[in-house]
Amino acid sequence: MMGTHRRTRTTPAPCDDRLDDVLAWIDGDLPAARVRAVAAHVAGCPGCASLVDELRLAIAACRQAGDCRVPSSIHRRARTRARAIIRRG
Amino acid sequence: MIDVVRRAAAGDEDALERLLIDAQELTWRFSMAVCGHPEDAEDAMQEALVRTYKHLGQIRDVEAFRPWLYRTVRNVCLMSRRKRAGAPAQVVSLDDPGRDGSASRTAIDVPSPHPGPEAVTSQRRLRSRLARALSTLPPAFRAVVFLRDMEGLSTRETAQTLGLSEDNVKARLSRARLALRRELAGTDGMRGRGR
Ligand SMILES: [Zn+2]
């Protein structure tokens, strides 16, 4: 059940043989028939659970970065150029 | 966006201005996240502006505008990057202040609404770690992360934009996320094994 763990002193390692399933699960791409088994494995495996936490942190960091606006100096230059090209026609 | 595209195509100047600004800002974000040269980003914005303006004058299918825009942005960014072939690729820190003291080299503003000082500090720290982590990825992987996770495109839209298969997008995204996670975790001194 636990696959091949190789623990480090800091973070337990995730299971190599579960990696593709775990990645697909995080993205909602896992076939429905396998979801329950993967979720149960992650719940009981510290290595895969911490992998999932870290991946979710990385994904959240990217989403948060994507939600931010561009700097106001960039916005102002974009607006000036847009108005100029509209005026010129 | 579709309503704005429709109005812009019908000659509404406010809608047109908004789309032209959106196109340039998207270009700047793509350029900074994927290519990492502020000078190229300005060139690419200008080119995207001209192409979008011409395209809007002859638009037929408003639904097709968004995919067109992403493909165009990707193309102009790659072109401006190719112009400086030989120059070392680098991704500037997303928190790096501009040379003139403005935020012109800052890829990402602090998001509103008004987070407290601790939240700002931790967001800032996370963003600069993310910038460093992204800089370790090849540009082709950064493009997938940008479109999927930062811009929220679907796997299919990302595949169409980059000319990849959907399986290829999924595989690159997985590898990119593993690498990002390793880098983000690594800077906390809790580096796991990963692969
Ligand atoms: Zn496991």
Any side-chain heavy atom of [X] sitting closer than 4.5 Å to one from [Y]?
X       : Y        : answer
A:Leu57 : B:Arg181 : no
A:Asp27 : B:Arg148 : yes
A:Ile74 : B:Glu42  : yes
A:Leu23 : B:Leu178 : yes

Measure the spacing between [atom1] of [X] and [atom2] of [Y] and express it to the nearest 0.5 Å.
X        : Y        : atom1 : atom2 : value
A:Arg81  : B:Met45  : CZ    : CE    : 4.5 Å
A:Arg87  : B:Glu13  : CZ    : CD    : 10.0 Å
A:Glu54  : B:Arg177 : CD    : CZ    : 14.5 Å
A:Ile59  : B:Leu184 : CD1   : CG    : 11.0 Å
B:Trp28  : A:His75  : CH2   : NE2   : 13.0 Å
B:Glu166 : A:Asp29  : CD    : CG    : 9.5 Å

Inset, instruction - Give the minimum heavy-atom separation between B:Met150 and A:Ala65, together with the two atoms involved. - result: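 Taking B:Met150 first and A:Ala65 second, the nearest heavy atoms are CE-CB, 4.3 Å.
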Inset, instruction - Indicate the atoms forming the closest heavy-atom contact of A:Cys62 with B:Val145, along with that distance. - result: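 Looking at all heavy atoms of both residues, the closest pair is SG-CG1, 3.6 Å.
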Legend entry - Top contributor to chain A interface from B:Thr155, B:Leu180, B:Leu49 [non-hydrogen pairs under 4.5 Å]: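 Among B:Thr155, B:Leu180, B:Leu49, the one with the most close pairs to chain A is B:Leu49.
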Legend entry - Proximity of residues 14-24 of chain B to chain A, residues having a non-hydrogen atom under 4.5 angstrom: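 Listed by number, the contacting residues are B:Leu16, B:Glu17, B:Leu20, B:Ile21, B:Gln24.
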Inset, instruction - Give every residue pair that meets the salt bridge (Lys or Arg N to Asp or Glu O under 4.0 Å) criterion with at least one member in residues 57-66 of chain B, sequence neighbours excluded. - result: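 Qualifying pairs: B:Arg66-B:Glu157.
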